[in-house]
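Small disclaimer: the values here were computed from a predicted structure and weren't measured. For ligands, and for the atoms within them, numbers begin at 1 and follow the listed sequence.
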Amino acid sequence: MSHAGAGYAPKRVLVTGGAGFIGSHLCDALIERGHEVLCVDNFYTGARRNISHLLGHPSFELMRHDITFPLYVEVDEIFNLACPASPIHYQNDPVQTIKTSVVGAINVLGLAKRLRIRVLQASTSEVYGDPQIHPQTENYWGHVNPIGPRSCYDEGKRSAETLFMDYHRQHRLDIKILRIFNTYGPRMDAADGRVVSNFIVQALTGEPLTIYGDGSQTRSFCYYSDLVAGMLAMMDTPSDFTGPCNLGNPAEFTMSELAHEVLELTGSKSKLQHMPLPQDDPRQRQPDISLAKDRLGWTPKVALREGLKETVAYFDRLLSDR
Ligand code: NAD
Ligand code: UDP
């Protein structure tokens with residue numbers, strides 16, 4: 001269903017990282033609402049498969065480009081998502097990861113400044129590091145190791161937030177910052193190492209489910225459709241609301257609980273295998289979403305079990321097509 005109609009103004013929207021997991025769903029949602037989308041991606045972790053159904057669509061354009069280099073395009077609005085999000089990918093080339101967050105932000109902000117347009121940054125709950133307050137509220141400054149293996153991502157995203165706020169204060173740029181908590185769903189890369197995709201792929205292929213540490217660490221998982229709805233709502237808030245604003249599903253699970261849920265849903269006979277806990281792995285994570293509820297009128301709707309079912313079905317199709 002298209003939302004374009006009388007009084008509705010379609011925009012030309014730039015989505016950096018548009019061929020990734022979340023970015024590709026955002027491109028779909030924007031096109032669904034009648035906008036034109038310019039998807040910019042260097043395919044570092046994204047996949048052509050995620051956007052192949054949009055290629056040839058009159059409202060969709062794909063540009064292969066690395067945002068650490070300046071970008072000269074004409075658009076009305078920007079969602080900046082370009083950045084590898086999975087620990088194994090962002091730690092594989094940490095210098096490129098921090099460049100993507102910092103130099104990429106400078107390039108995207110420069111573009112927004114020239115065009116005088118609104119720009120939204122996909123920040124992360126990782127800015128809270130291994131948090132000492134629970135659940136995490138936006139006024140918490142975080143507990144981040146600045147020199148550890150995760151810092152290329154965490155500190156890169158923190159610097160990007162600084163840049164967004166400085167462009168806002170110094171140049172009166174219209175900005176939005178969203179702190180996204182663990183999000184999952186169809187189009188995650190089967191090999192990207194994040195816990196939901198790992199457990200599901202392992203369960204479907206009869207491999208042991210790899211639990212890092214004792215499995216008592218927690219995460220709160222948000223289904224992609226809820227997240228995308230929140231991102232669109234944030235972009236449409238009045239310009240005096242910059243965020244940062246948390247987006248995530250507050251339902252919190254241990255990794256052991258997640259493993260058992262996946263085994264139950266898949267009916268898999270896979271065993272559990274404990275592996276060493278990675279360095280600086282946060283112990284717990286749960287968003288306080290009072291601000292998003294208040295300012296965006298947003299709450300997540302999809303329960304973990306429901307979202308996992310859809311995600312299992314996706315990976316089942318993906319693996320049987322191989
Ligand atoms: P993803 O890895 O699937 O997508 C990232 C996309 O950015 C990929 O298509 C990749 O090719 C592209 N990219 C990377 N470096 C680039 C560069 N230099 N130039 C152009 N494109 C580049 O990850 P995702 O889960 O879809 O995450 C999207 C965004 O949301 C990221 O910024 C991530 O930090 C943020 N985020 C995601 C989560 C989550 O749980 N998925 C949580 C918090 C924040
Ligand atoms: N994890 C796990 N097994 C895996 C992959 C991850 O137990 O095969 C754990 C990981 O140590 C972390 C949690 O699951 O505690 C979430 O990891 P993920 O990489 O998905 O996201 P992040 O750590 O960035 O929240």
I'd like to know if the side chain of Asn249 and the backbone of Ser220 have a donor-acceptor N/O pair within less than 3.5 Å. no

Do Tyr184 and Tyr224 make the cut of ring centroids closer than 6.0 angstrom? no

When hydrophobic residues are tied together by side-chain contacts of less than 4.5 Å, even through go-betweens, does Leu163 share a cluster with Leu115? yes

Report the part of Ser125 (side chain from C-beta onward, or backbone N, CA, C, O) that has a heavy atom under 4.0 Å from ligand 1; answer both or neither where that applies. neither

If we number the atoms of ligand 1 from 1 as shown, the ones under 4.0 Å from a heavy atom of Gln96 are 18 (N)

Is there a donor-acceptor pair under 3.5 Å between the side chain of His260 and the backbone N or O of Ser256? yes

Under a 4.0 angstrom heavy-atom cut-off, which atoms of ligand 1 come close to Phe43? 11 (O)

Would you check the N or O atoms of Asn182, main chain and side chain alike, for any that come under 3.5 Å of an N or O of ligand 2? yes

Arg12/Glu61 ion pair, N-O < 4.0 Å: yes

Test your reading of the structure: does Gln202 have an N or O sitting under 3.5 Å from an N or O of ligand 2? no

Counting from 1, what ligand 1 atoms have a heavy atom of Tyr44 closer than 4.0 Å? 11 (O)

Contact between ligand 2 and Gly213 is defined here as a heavy atom of the residue under 4.0 Å from a ligand atom; is it met? no

Closest to atom 3 (O) of ligand 1 among protein heavy atoms sits Phe21 N, 2.9 Å

Selected option - heavy-atom contact closest to atom 4 (C) of ligand 2, from Asp214, Thr254, Thr210: Thr210

Donor-acceptor pair, Gln279 side chain versus Gly148 backbone, under 3.5 Å? no

Verify, without hydrogens or angle tests, whether Ser268 (side chain) and Leu204 (backbone) share a donor-acceptor contact under 3.5 angstrom. no

Among all protein heavy atoms, pick out the one at the shortest distance from atom 1 (P) of ligand 1; state its residue, atom name and that distance to 0.1 Å. Thr45 OG1, 3.7 Å

Specify side chain, backbone, both or neither for Tyr184, according to which of its non-hydrogen atoms lie closer than 4.0 Å to ligand 1. neither

Among all protein non-hydrogen atoms, which one is nearest to atom 15 (O) of ligand 2, and what is the separation to 0.1 Å? Asp281 OD1, 2.6 Å

Interfacing atoms of ligand 2 (cut-off 4.0 Å, heavy-atom, Ile211): 7 (O)

Answer yes if the side chains of His134 and Gln136 hold a donor-acceptor pair under 3.5 Å, and no otherwise. yes

Can you list the ligand 1 atoms lying under 4.0 Å from a non-hydrogen atom of Asn182? 40 (O)

Are Glu126 and Arg150 ion-paired here, with the side-chain N under 4.0 Å from a carboxylate O? yes

Residues Glu207, Lys271: salt bridge by 4.0 Å N-O rule: no

How far is atom 23 (O) of ligand 1 from the closest protein heavy atom, and which atom is that? Ala85 CB, 3.5 Å

Between Arg219 and Thr254, do the side chains contain an N or O donor and an N or O acceptor separated by less than 3.5 Å? no

Donor-acceptor check, side chain of Asp41 to backbone of Ala19, threshold 3.5 angstrom: yes or no? yes

Quick check on contacts: which atoms of ligand 1 are under 4.0 angstrom from a heavy atom of Lys157? 31 (C), 32 (O), 33 (C), 34 (O)

The option among Met188, Arg150, Arg285, Met255 carrying the non-hydrogen atom nearest to atom 23 (O) of ligand 2 is Arg150

Scan side-chain atoms only and decide if Thr218 and Glu252 contain a donor-acceptor pair under the 3.5 Å cut-off. yes

So, are Arg187 and Asp28 salt-bridged, with charged N and O less than 4.0 Å apart? yes

Looking at ligand 2, would Met275 count as a contact under a 4.0 Å heavy-atom criterion? no

Answer yes if the side chains of Gln284 and Asp130 hold a donor-acceptor pair under 3.5 Å, and no otherwise. no

In the protein, what heavy atom is nearest to atom 13 (N) of ligand 1, and what distance, to one decimal place, separates them? Asn42 OD1, 3.3 Å

At what distance is the nearest protein heavy atom to atom 5 (C) of ligand 2, and which residue and atom is it? Tyr212 CE1, 3.3 Å

Nearest-contact summary for atom 18 (P) of ligand 2 - protein heavy atom, Å: Val195 N, 3.9 Å

Between Arg116 (side chain) and Ala112 (backbone), is there a donor-acceptor pair under 3.5 Å? no

Hey, which atoms in ligand 1 end up nearer than 4.0 Å to a heavy atom of Gly20? 3 (O), 4 (O), 8 (C), 9 (O)

Pro87 heavy atoms within 4.0 Å reach ligand 2 at atoms 19 (O), 24 (O)

With a 3.5 Å distance limit and no angle check, can you tell me whether His274 reaches the backbone of Gly213 through a side-chain donor-acceptor pair? yes

Return all side-chain donor-acceptor pairs below 3.5 angstrom for residues 171-181, not counting sequence neighbours, or 'none' if the list is empty.
residue: Asp174; atom: OD1; partner: Arg118; partner atom: NE; Å: 3.3
residue: Asp174; atom: OD2; partner: Arg118; partner atom: NE; Å: 2.8
residue: Asp174; atom: OD2; partner: Arg118; partner atom: NH2; Å: 3.2
residue: Lys176; atom: NZ; partner: Thr237; partner atom: O; Å: 3.1
residue: Lys176; atom: NZ; partner: Thr237; partner atom: OG1; Å: 2.9
residue: Lys176; atom: NZ; partner: Pro238; partner atom: O; Å: 2.9
residue: Lys176; atom: NZ; partner: Phe241; partner atom: O; Å: 2.7
residue: Arg179; atom: NE; partner: Glu161; partner atom: OE1; Å: 3.4
residue: Arg179; atom: NE; partner: Glu161; partner atom: OE2; Å: 2.9
residue: Arg179; atom: NH1; partner: Tyr128; partner atom: OH; Å: 3.0
residue: Arg179; atom: NH1; partner: Glu138; partner atom: O; Å: 3.1
residue: Arg179; atom: NH2; partner: Glu161; partner atom: OE1; Å: 2.7

Just to confirm my output: which protein heavy-atom neighbour is closest to atom 44 (C) of ligand 1, and how far is it? Ser123 O, 3.4 Å

Number the atoms of ligand 1 from 1 as they appear, then name those within less than 4.0 Å of a heavy atom of His65, with their elements. 19 (N), 20 (C)

Can you tell me which residue and heavy atom of the protein come closest to atom 18 (N) of ligand 1, and the distance to 0.1 Å? Asp66 OD1, 2.9 Å

Using a strict cut-off of 4.0 Å, indicate which atoms of ligand 1 neighbour a heavy atom of Gly46. 8 (C), 9 (O), 10 (C), 11 (O)

Checking heavy-atom distances from atom 29 (C) of ligand 1 to each of Leu81, Val108, Thr183, the winner is Leu81

Can you get from Phe21 to Val201 by hopping between Ile, Leu, Val, Met, Phe, Trp and Tyr side chains that sit under 4.5 Å apart? yes

Is Ser86 near ligand 2, meaning one of its heavy atoms is under 4.0 Å from it? no

Of all protein heavy atoms, the one nearest atom 34 (O) of ligand 1 is Tyr153 OH, 2.6 Å

Location of contacts on Met188 toward ligand 1, heavy atoms closer than 4.0 Å: neither

Show which atoms of ligand 2 fall inside a sub-4.0 Å distance from at least one heavy-atom site of Gly193. 5 (C)

I'd like to know if Arg158 pairs up with Glu155 as an ion pair, taking the criterion as any Lys NZ or Arg NE/NH1/NH2 lying under 4.0 Å from an Asp or Glu carboxylate oxygen. yes

Ligand-residue contact atoms, ligand 2 with Asn198, heavy atoms, under 4.0 Å: 4 (C), 5 (C), 8 (O)

In the protein, what heavy atom is nearest to atom 39 (C) of ligand 1, and what distance, to one decimal place, separates them? Arg194 NH1, 3.4 Å

Would you say Gln217 and ligand 2 have an N/O pair spaced under 3.5 Å apart? yes

Near Glu126, which atoms of ligand 2 are under 4.0 Å from a heavy atom of that residue? 22 (P), 24 (O), 25 (O)

For atom 19 (N) of ligand 1, which of the options Ile67, Leu178, Val103, Leu247 provides the nearest non-hydrogen atom? Ile67

